[in-house]
Amino acid sequence: MPGRRALAKLGIPAERVEPIMARWEALAYDRLDEIPMYDGIPETIEELRKSGCSCGIVTSRTRLQLKQGIEPIGFTPWFDEIICADDVEHPKPAPDALLECLRRFGCKPEDAVYIGDSEYDMQCAKSAGVKSVLALWGCSEAEKLMSDMRFEHPAEILSLR
């Protein structure tokens with residue numbers, strides 16, 4: 001869920017949202033070096049790409065948030081397409097960003113799989129007509145989420161090829 005939407009859901013007054021977001025992002029960007037990569041992610045993505053799979057990111061982050069808070073971690077070059085919340089009119093949980101990613105790949109929804117760790121990810125996949133995989137390694141409250149499949153480790157993604 002985008003941070004601004006999360007703050008609104010929490011009942012934060014509109015005039016406080018931007019100062020809170022600025023502080024939140026500054027703290028996050030100052031600690032990028034402390035963010036660990038989940039075990040198996042680099043190897044799994046490398047293997048997918050070697051086998052000819054197109055890999056993309058559909059994120060609730062804006063393009064600026066991606067540039068400041070994700071690109072420095074160093075894994076964005078592994079992906080063929082990255083669709084951000086501000087690249088589409090209706091971000092997740094609406095299907096727009098995922099459908100745009102599929103359009104860029106020239107891929108039909110029934111030929112794709114969407115892997116995510118949140119309620120918004122699962123809703124997005126369902127609305128787009130794409131099979132959903134709940135990534136249990138990054139998910140909290142998995143018991144509350146509906147998905148087509150559930151994987152405990154990134155390497156399980158390789159079974160989909």
Side-chain angles (χ1 to χ4, degrees), residues 1-12 20-21 24-25 27-29 31-49 53-63 65-66 68-88 90-102 105 107 109-161:
M1 177 182 304
R4 285 170 181 80
R5 190 177 302 165
L7 292 172
K9 277 191 131 186
L10 291 171
I12 304 299
I20 290 171
M21 283 300 299
W24 181 354
E25 290 172 352
L27 289 170
Y29 301 153
R31 303 190 117 178
L32 288 177
D33 60 326
E34 297 175 29
I35 298 173
M37 180 75 62
Y38 290 111
D39 289 339
I41 293 287
E43 299 84 2
T44 299
I45 295 171
E46 181 180 353
E47 188 61 34
L48 287 169
R49 291 182 58 89
C53 291
S54 297
C55 299
I57 295 174
V58 172
T59 180
S60 292
R61 292 178 183 268
T62 65
R63 193 60 59 180
Q65 289 170 331
L66 178 83
Q68 294 175 337
I70 300 296
E71 285 180 8
I73 297 170
F75 70 84
T76 54
W78 302 344
F79 296 90
D80 304 296
E81 292 291 342
I82 300 175
I83 311 298
C84 294
D86 52 356
D87 292 334
V88 293
H90 305 287
K92 292 190 292 184
D96 300 29
L98 179 51
L99 291 172
E100 175 60 17
C101 190
L102 295 177
F105 283 143
C107 180
E110 59 270 19
D111 296 330
V113 175
Y114 186 82
I115 301 162
D117 61 7
S118 74
E119 178 181 6
Y120 275 20
D121 291 329
M122 298 304 102
Q123 289 174 1
C124 177
K126 184 175 182 175
S127 296
V130 173
K131 288 181 190 134
S132 61
V133 175
L134 187 60
L136 297 174
W137 59 89
C139 181
S140 61
E141 303 185 7
E143 66 282 352
K144 296 180 181 179
L145 303 181
M146 299 293 294
S147 62
D148 295 310
M149 295 171 269
R150 293 167 178 254
F151 289 164
E152 291 186 17
H153 190 274
E156 292 177 82
I157 296 166
L158 299 174
S159 70
L160 298 173
R161 294 179 292 166

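Values below: every heavy atom of this structure, side chains too, minus hydrogens, waters and symmetry copies. By convention here, the first residue in the shown sequence is residue 1.
- Counted within 6.0 Å of CD on E152, heavy atoms from surrounding residues, nucleotides or ligands total 12 or fewer; the atom is thus considered open.
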Dump the intermediate steps for side chain to side chain contact (heavy atoms under 4.5 Å, CB included) on R4 and M21, then the final yes or no. CA-CA 7 Å; R4 285 170 181 80; M21 283 300 299; 3.6 Å; yes
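- Summarising the geometry, atom CD1 belonging to I157 is positioned 6.0 Å from atom CD1 belonging to I41; distances are rounded to the nearest 0.5 Å.
- Screening residues 76-88 for side chain to side chain donor-acceptor pair (under 3.5 Å) gives R49-D80, R63-D87, E81-R104 as the qualifying pairs, with residues at least two apart or on separate chains.
- Across all non-hydrogen atoms, the minimal contact from G69 to Y29 is CA-CE2, 3.3 Å.
- Residues C139 and L134 come closest through the heavy atom pair SG-CD1, 3.9 Å.
- The two residues A85 and S60 have their closest heavy-atom pair at CB-O, 3.4 Å.
- Across every non-hydrogen atom of R61 and C84, the tightest pair is O-CB, 3.2 Å.
- A distance of 5.5 Å separates CD1 of I73 from CG of L32, quoted to the nearest 0.5 Å.
- At least one side-chain heavy atom of L7 sits less than 4.5 Å from a side-chain heavy atom of W24.
- Judged by distance alone, the side chain of E156 and the main-chain N or O of H153 form a donor-acceptor pair under 3.5 Å.
- F151 places a side-chain heavy atom less than 4.5 Å from the side chain of S159.
- Taken to the nearest 0.5 Å, the NZ atom of K92 stands 11.0 Å off from the CD atom of Q123.
- Distance check: C53 SG to I45 CD1 gives 11.5 Å after rounding to the nearest 0.5 Å.
- Taking both residues in full, the closest heavy atoms of C101 and V58 are given as CB-CG2, 3.9 Å, listed atom of the first, atom of the second, then distance.
- Between I57 and L66 there is no side-chain heavy-atom pair separated by less than 4.5 Å.
- The two atoms that bring D117 and G138 nearest to each other are OD2-O, 3.1 Å, heavy atoms only.
- Here the side chains of L160 and M149 are in contact, with some heavy-atom distance below 4.5 Å.
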